[in-house]
Each structure stands twice: as structure tokens, then as C-alpha cells.
Amino acid sequence: MLTLKKTMITLLFLLMSTVSAVGTVVASEPNKVYVDMTNSSTSVIPGQSASLEIGIPSAALPDTKGIQAAKITLSYDENMFTTDGLLRYDDALGKYIWRDDCFTLTRPYDNGNYRIENPYPTDLDPTDNKKEIVIYVSGNKDKWLSSDSGAPFVHLFLNAKETVSGSNTSIAVRTENTELQDQDGNDYKNYTSTSAKIYVGLPKKIEIVRGTLPPSSQAISMGLNQGMEVNALARFANGDTTYVTEIAKWKSANPDVVAVKTYGSISGVSYGKTILTATVGSLVGSREMVVGAMTEKEKYAQPDFNVTVTHIPSSDISLKAPRISVIVNGKFAEEGLLVDGSVYVPLSSVGRLLVLPVGYDWSTKVPTLAGRAVPQFKVFAGTSYVKARGIPTVLPGAKTFWDTQNKFLSIEYLF
């Protein structure tokens with residue numbers, strides 16, 4: 001099971017960079033409740049936490065009303081997931097609820113504009129091998145849960161059981177036990193829902209990479225007394241990848257040459273060669289390490305900018321993905337891609353037309369736009385693409401529009 005430290009780090013990461021799903025289906029059916037994995041990964045290793053998000057992509061309902069209050073009920077397979085380590089008992093309520101550090105409301109708490117009750121577990125039908133999570137959240141007058149960007153209003157964690165081995169599952173919105181209310185307190189029933197499809201199982205391969213550079217069969221060179229960060233990258237059969245650096249067991253075959261300090265943090269102790277290994281379950285990834293004399297240029301050289309994502313689809317996906325025309329502030333950008341029901345736009349092209357700097361945050365391993373983290377992204381043929389629906393969250397005031405008839409995406413941002 002992931003440690004509480006890992007959970008809290010992940011939660012802080014989500015707070016800094018909230019993003020959500022997008023696609024032509026959502027755009028053409030705006031009144032929709034959906035559940036989506038916040039890290040875009042459709043694969044979870046047994047014992048890891050799945051991070052879920054809930055949002056309502058709907059700018060306004062008839063008569064300019066929005067969804068102001070919601071009781072959302074999620075359903076999951078109790079043989080696949082567990083709430084162990086996520087709950088605390090509340091004496092006042094007389095029941096178990098989610099720990100404060102294992103969920104978050106992404107809308108501002110200040111001035112009491114939004115309110116959320118700690119999610120709590122329940123079992124509506126003990127015979128169906130499923131359990132449920134109930135979430136109550138609401139906003140004050142003119143504070144809607146729904147939004148045109150579909151930005152999620154709740155993030156929470158659910159742990160995959162350590163005993164699960166190679167199974168597909170989903171976490172769905174239980175519509176018969178989900179209630180939405182508009183600004184006048186009227187029930188709103190004209191919505192549909194989607195589910196988060198997840199594969200729980202071990203990856204097929206573990207690779208050790210330097211920082212966030214792509215996998216390579218070449219040895220990693222480092223200087224004497226030099227520190228370095230390496231990562232363990234898990235690769236699944238379906239093309240998904242995820243960093244498992246903090247749950248891997250690290251070992252240097254010769255600690256007198258390369259010493260492992262903690263979680264992929266290594267240092268060169270003496271000249272020579274050794275094999276560094278990262279083990280997750282029964283899988284072992286290895287990489288040759290060489291500690292040698294380095295030139296001044298090599299010693300102070302900065303790594304080339306290179307984006308590695310936590311979800312790398314197979315090349316066939318990007319080749320077959322429908323091309324989407326993208327217009328940024330009235331000018332055509334490079335084409336976007338429709339992948340897994342979400343529209344992704346080329347980051348460099350969007351940044352160039354917005355006249356905003358594009359960079360990379362090495363600490364969180366995500367690209368940045370105007371200095372803000374953009375964690376939900378993919379790389380196709382060496383080009384970084386970001387989820388279009390996440391742009392208004394990264395750039396407050398930005399707007400995205402989907403033209404259903406002409407099939408193009410428009411992004412507007414004035415600053």
C-alpha cells in the first residue's frame with residue numbers, strides 16, 4: 001500500500017494542477033456527470049492508490065441555471081479495491097468517513113462559497129460484490145458545481161487491493177442513487193454518466209531511466225561524488241506507463257561504486273561499474289551504472305528538454321486518432337488529436353500562439369504553460385499534447401469551445 005506520505009504528496013500535486021476529461025461526446029452532451037482518473041492512467045499496480053475526480057461539464061442549464069448541489073454515489077468492485085488506510089471513524093457522525101488528507105474539494109473554501117462533507121463508504125446491496133462511496137457537495141448562490149470547462153470539483157483516493165492479479169474493472173456513477181439540484185433547489189435528472197475503466201495488475205516490464213529521459217539500453221554515466229535522480233518506469237501490456245519509483249525496492253550490486261540513498265536517489269562513491277536494480281513484486285528492472293572522470297562540459301551540462309509522461313499510449317493509438325482542427329485566439333494551431341474520448345492539443349503550438357512560455361518542471365515531471373504545471377498530457381511522435389479541457393484551469397479566464405457541427409476546438413485567452 002502506498003504510504004501516507006506518498007498520498008499527501010499526490011494530493012498536493014492535484015491541488016496545484018487540477019485538470020479533467022474532454023471529448024466530442026462530452027461536448028455534444030454537456031449535461032453530464034463523469035468520473036475520470038486524474039493522472040490519465042488506465043492501469044494501477046496492486047497496492048497503489050487510484051486517484052479519481054468528479055466533474056459536471058455543463059456551463060448552464062435552461063434559464064441559465066447551474067448545478068448547485070449534488071449527492072454523487074460511486075460504485076466499485078469490492079474484490080478489486082479497498083478503503084483500508086483511507087478512513088477514520090467520526091464519533092459525532094457515528095460512522096467511518098474519508099480522512100481529510102485522502103480527498104479534496106478543488107473549489108475555494110474561502111467565504112464559504114463551497115461546502116463538502118467527507119465522503120463515506122456504504123454497501124447498498126451486499127449481494128452484488130460492489131460497494132459505494134457517497135459524496136455531498138454544494139455551492140452558495142451563483143456558485144455552481146457545473147462548469148463549461150468541466151473542471152472536477154472533487155478528488156479522492158481508492159486503493160487497489162494487493163491481491164488482485166491482472167483484472168479489468170471500472171468505477172461508475174450509480175445514477176439511481178445520485179441526485180443533482182439546480183439553483184432553485186429543483187432536482188435535475190437529464191444527465192448521463194461515464195465510468196473510469198481501470199486495469200489492476202503488474203506491468204510487463206520495469207525500466208530504470210535517468211530523471212525523466214526516455215528508456216535506453218545504454219549505461220548511465222555519472223561523476224565521482226555526483227548525486228543523481230533516477231526513476232523506475234513501469235510499462236503495461238496496453239501501452240500505459242507510470243512511475244513506481246517510491247514503491248520499488250532499490251539495490252546497487254556494488255554499493256562501493258554507486259550508493260542508493262532512497263527511492264532512486266543515488267551517488268557515485270568510487271570509480272567503476274555496477275548494476276542498479278529496481279524491484280516491484282516479481283519484476284526486476286536493471287541498468288548498468290558507470291562512475292568515471294567527467295569533463296567540465298559533461299559535469300555541468302544540463303539534460304536536454306524531454307517530456308516523459310505517466311501514460312504513454314501505443315503508437316497505433318496516435319496514428320489512428322482522429323485529427324481535430326484547433327483555433328487559438330482566431331489563429332489556426334497545429335492539429336489536435338482525439339484519444340480515449342479526450343481532445344489533446346499540441347502544447348508548443350498553443351503556447352506560441354498565446355505568446356506564453358512553455359517549460360518543464362523537473363520536480364513534478366510535468367510540462368508547464370506560463371509557469372503553471374500541466375500534468376495531464378501525452379506524447380505522440382515526440383510532441384507533447386495537453387488535454388484541452390484542462391487549459392482553463394491552468395490559465396484562469398481561458399475559454400474552450402467545441403463546434404459540434406464543424407468539428408473544431410476553439411481556445412480563447414486574453415491577458
Ser216 side chain vs Gln218 backbone, donor-acceptor pair below 3.5 Å: yes
Stepwise, does the side chain to side chain contact (heavy atoms under 4.5 Å, CB included) test hold for Ile324 with Leu337? CA-CA 6 Å; Ile324 304 296; Leu337 300 174; over 6 Å; no
Looking at Lys95, I want to see if its NZ is surrounded by more than 12 non-hydrogen atoms of other residues, nucleotides or ligands under 6.0 Å. yes
For Tyr385 and Val345, what are the C-alpha separation, side-chain angles and deciding distance, and is it a side chain to side chain contact (heavy atoms under 4.5 Å, CB included)? CA-CA 5 Å; Tyr385 288 75; Val345 296; 5.5 Å; no
Show, in sequence, the C-alpha distance, side-chain angles and deciding distance for Asn118 and Asp100, and conclude whether the side chain to side chain donor-acceptor pair (under 3.5 Å) test is met. CA-CA 7 Å; Asn118 290 55; Asp100 294 346; 2.8 Å; yes
Donor-acceptor pair, distance only, cut-off 3.5 Å: does the side chain of Asn186 make one with the backbone of Gln181? no
Is Ile67 close to Tyr188 at the side-chain level, that is, under 4.5 Å between some pair of heavy atoms? yes
Output the distance between atom OG (Ser43) and atom CZ (Phe236), rounded to the nearest 0.5 Å. 4.5 Å
Worked verdict on Met289 versus Ile266 for side chain to side chain contact (heavy atoms under 4.5 Å, CB included): CA-CA 10 Å; Met289 307 294 301; Ile266 60 176; 3.4 Å; yes
With the threshold set at 4.0 Å, does a side-chain nitrogen-carboxylate oxygen contact exist between Glu78 and Lys161? no
Around atom OH of Tyr120, are there more than 12 heavy atoms from other residues, nucleotides or ligands closer than 6.0 Å? yes
Can you tell me if Ser252 uses its side chain to pair, donor with acceptor, with the backbone of Val258 under 3.5 Å? yes
May I ask you to decide if Trp144's main-chain N or O and Tyr114's side chain share a donor-acceptor pair within less than 3.5 Å? yes
Are Trp98 and Leu87 packed together at the side-chain level, in the sense that at least one heavy-atom pair is separated by less than 4.5 angstrom? yes
Counting C-beta onward and ignoring hydrogens, is there a side-chain heavy-atom pair between Lys205 and Leu233 closer than 4.5 Å? no
Salt-bridge contact Glu132-Lys130 (side-chain N to carboxylate O under 4.0 Å): no
Beyond-backbone contact of Met222 with Val290, side-chain heavy atoms, under 4.5 angstrom: no
How many angstroms lie between NZ in Lys261 and CH2 in Trp250, if you round to the nearest 0.5 Å? 15.5 Å
Looking only at non-hydrogen atoms, find the nearest pair between Leu409 and Ala388 and report the distance. CD2-CB, 3.3 Å
With distance as the sole test, does Thr178 use its side chain to make a donor-acceptor pair with the main-chain N or O of Thr73 at under 3.5 Å? yes
Apply side chain to side chain contact (heavy atoms under 4.5 Å, CB included) to the pair Ile411 and Ile327, showing each step before the final yes or no. CA-CA 6 Å; Ile411 301 172; Ile327 299 177; over 6 Å; no
Would you say that more than 12 heavy atoms from the other residues, nucleotides or ligands in this model lie under 6.0 Å from the NZ of Lys71, or not? yes
From Arg99 CZ over to Ile97 CD1, what is the distance, rounded to the nearest 0.5 angstrom? 11.0 Å
At their closest point, which heavy atom of Leu86 faces which heavy atom of Phe157, and how far apart are they? CD1-O, 3.2 Å
Can you name the nearest heavy-atom pair linking Leu369 to Gly351, along with the distance? CD1-CA, 4.0 Å
In plain terms, say whether Asp77 and Lys131 are close enough for a salt bridge, that is, a side-chain N and a carboxylate O under 4.0 Å apart. no
Of all heavy-atom pairs between Cys102 and Gly85, which one has the smallest distance, and what is that distance? SG-O, 4.4 Å
Is it the case that the side chain of Tyr199 and the backbone of Ser167 share a donor-acceptor pair, with hydrogens and angles ignored and the cut-off at 3.5 Å? no
Less than 4.5 Å apart, any side-chain heavy atom of Ile133 and any of Leu156? yes
Between Asn140 and Arg115, does the side chain to side chain donor-acceptor pair (under 3.5 Å) criterion hold? Intermediate values first, please. CA-CA 8 Å; Asn140 287 342; Arg115 300 177 301 278; 2.5 Å; yes
Side-chain contact, heavy-atom cut-off 4.5 Å: Ile56 with Phe153? yes
Considering all heavy atoms, the nearest Ala160-Val200 contact: CB-CG1, 3.8 Å
How long is the span from the NZ atom in Lys143 to the CG atom in Asn113, to the nearest 0.5 Å? 4.5 Å
What's the spacing between Asp128 CG and Ser75 OG if we round to 0.5 Å? 6.5 Å
Using a 6.0 Å cut-off, check whether atom CD of Glu176 has over 12 heavy atoms from anything other than its own residue. yes
Would you give the length of the straight line joining atom CZ of Arg210 to atom CG of Asn231, rounded to the nearest 0.5 angstrom? 12.0 Å
Can you find a heavy atom in the side chain of Glu334 that is under 4.5 Å from one in the side chain of Arg352? yes
Does the side chain of Asn177 reach to within under 4.5 Å of the side chain of Leu124, using non-hydrogen atoms? yes
Would you sort out whether Thr82 and Asn159 count as a side chain to side chain donor-acceptor pair (under 3.5 Å), showing the intermediate values? CA-CA 5 Å; Thr82 177; Asn159 292 333; over 6 Å; no
Side chain to side chain contact (heavy atoms under 4.5 Å, CB included) with Ile54: of Ile72, Leu145, Val137, only one passes, and it is Ile72
Closest contact, heavy atoms only, Gly285 versus Ile208: O-CD1, 3.6 Å
